[in-house]
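Read through the structure below, which is laid out as structure tokens, and then see the notes.
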2 protein chains.
Amino acid sequence: MRWTELDREACSVARTVSVIGDRWTLLILRDCFLRVRRFEEFEQRLGITRHILADRLRKLVAAGVLARVAYQERPRRYEYRLTETGLDLHPVLLALVGWGDAHKAGESGRPKLYQHRECGHLFDPVMTCSACGGAVTARNVRVLDGPGAAAANDA
Amino acid sequence: MRWTELDREACSVARTVSVIGDRWTLLILRDCFLRVRRFEEFEQRLGITRHILADRLRKLVAAGVLARVAYQERPRRYEYRLTETGLDLHPVLLALVGWGDAHKAGESGRPKLYQHRECGHLFDPVMTCSACGGAVTARNVRVLDGPGAAAANDA
DNA sequence: ATAGCAAAGTTCCTTTTCGGAACTCAAGCG
DNA sequence: CGCTTGAGTTCCGAAAAGGAACTTTGCTAT
């Protein structure tokens, strides 16, 4: 299977991975959530080559995750901002943070702390059920076929 | 920055990405959560080359995400199972599913449905705050430096 | 015994992608 | 003018991925 075929799989993980399943893309998104917006700033913070950065930004714009908007005219300069679709990726990043904090925080502790503005507390991200609000874990979820299960080729 | 330097960053996203930030690795993990365990089964379901599959499985075992356990002697054959550390990646996969379901489900609907065993309902994954239980979104989280912020080189 | 089969890899070779550095372009600045 | 800034693009050698065949260990049927 090639990159290009991935988004035609009848699997939401595969479709999401076809958009963001690349190390640079994930790190770019991390920086987006930290309010980084400009080409050079991404380049310097990430140590990515300009060439690959341009490619990934183009793909994220094409996927509707980022929007390329001019922040000045003459000379025309663009920056990259998360769209609503892009903001919806927040749980993905938070889940990555959660695992890293739990399993990869060295002796000196967590690199970052997260504060929930609504309650004011530092927190860990917890994945919960939209129906009952209870925690969801690998062991208490059952996977069933949905209506789009058979169609390997829908949009 | 190279792959190998990623896990030394003072960032839990980067550290997690250094382990699972690869399209094949993410798809292998998806299948692990669907109870796929054997080399040939991964190969057939994913359409990955044996060579890359062997490499990714080796890395996941080295990272403590999967365990390689013999399921028979003579001839000795191994299978790959999620460890507790691996099971902790469940929220990551669920977050990917959540975004794919919301933004990439075609006209025929979602490929899979998820049922919470505890309440019996089909659900969407919701990222919540461990302190108050409320939903966490991109707009209501504040990021602060933690104790491990400065140390770029701790374990 | 031996030919065939199965599972889990490994090896080899070609194609694609990536890393690194230099170059381009448009406009403002001194 | 020539320099600087920001956002790219181009070019080349290095690294990784795709594809297919080969290896190993032991079982099974002839």
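Residue numbering restarts at 1 for every chain, and letters A, B, ... go by the order of the sequence lines. Atom set for the values below is all heavy atoms of this structure, side chains included, hydrogens, waters and symmetry mates excluded.
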For residues 57-68 of chain B, which side-chain N or O atoms pair as donor and acceptor with protein atoms under 3.5 Å away, sequence neighbours left out?
from, atom 1, to, atom 2, distance (Å)
K59(B), NZ, D55(B), OD2, 3.2
R68(B), NE, Y80(B), OH, 3.3

Please list, one pair per line, the donor and acceptor atoms closer than 3.5 Å that link side chains of residues 25-36 of chain B to other protein atoms, with sequence neighbours excluded.
from, atom 1, to, atom 2, distance (Å)
T25(B), OG1, D22(B), OD1, 3.1
D31(B), OD1, R45(B), NH2, 3.0
D31(B), OD2, R45(B), NE, 2.9

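Across the protein-nucleic acid pair, D55(A) atom CG and dG20(C) atom C1' stand 16 Å apart, rounded to whole Å. In this structure, the NE2 atom of H51(B) is 17 Å from the P atom of dT23(D), given to the nearest Å. Rounding to whole angstrom units, CG of residue L57(A) and C1' of dG6(D) are separated by 13 Å. Rounded to whole angstrom, the span from the CG atom of L46(B) across to the P atom of dG18(D) amounts to 11 Å. Atom CD1 in I52(B) sits about 15 Å away from atom P in dG9(C), given to the nearest Å. Rounded to whole angstrom, the span from the CG atom of L53(B) across to the P atom of dA8(C) amounts to 10 Å. Regarding I48(B), its CD1 atom lies at a distance of 7 Å from the P atom of dG18(D), rounded to whole Å. One can place CD1 of I28(A) at 11 Å from P of dC18(C), the figure rounded to the nearest angstrom.
For N140(B), the side-chain contact (heavy atoms from CB on, under 4.5 Å) partners two or more places apart in sequence, or in a different chain, are H116(A), R117(A), E118(A), V136(B), T137(B). With sequence neighbours excluded, the residues that form a salt bridge (Lys or Arg N to Asp or Glu O under 4.0 Å) with E84(B) are R139(A). Remark: R142(A) engages no residue in a salt bridge (Lys or Arg N to Asp or Glu O under 4.0 Å) (not counting sequence neighbours).
Annotation: proximity of residues 31-44 of chain A to DNA chain D (heavy atom, distance under 4.0 Å) is found for R38(A), F39(A), E40(A), numbered in ascending order. Near DNA chain D, meaning a heavy atom under 4.0 Å from it, residues 67-79 of chain B has R74(B), P75(B), R77(B) in order of number.
Formation of a donor-acceptor pair under 3.5 Å by the W99(B) side chain with backbone atoms of P91(A) is not found in this model.
Closest to the A54(A) side chain, of the nucleotides dT9(D), dA17(D), dG9(C), is dT9(D). For R50(A), the side-chain atoms get nearest to dG8(D) when compared with the rest of dC18(C), dG18(D), dG8(D).
A close approach under 4.0 Å does not occur between any side-chain nitrogen or oxygen of Y80(B) and OP1 or OP2 of dA7(C). Close to dT17(C), at under 4.0 Å from its OP1 or OP2, lies no side-chain N or O of W24(A). Taking only side-chain nitrogens and oxygens, R23(A) never comes nearer than 4.0 Å to OP1 or OP2 of dA16(D).
When every heavy atom of F42(A) is checked against every heavy atom of I48(A), the shortest pair comes out as O-CG2, 4.3 Å.
L144(A) belongs to a hydrophobic cluster whose other members, connected by ILVMFWY side-chain contacts under 4.5 Å either directly or through intermediates, are L113(B), L122(B). The hydrophobic cluster around V69(B) extends to none of the other residues, as no ILVMFWY side-chain heavy atom falls under 4.5 Å of it.
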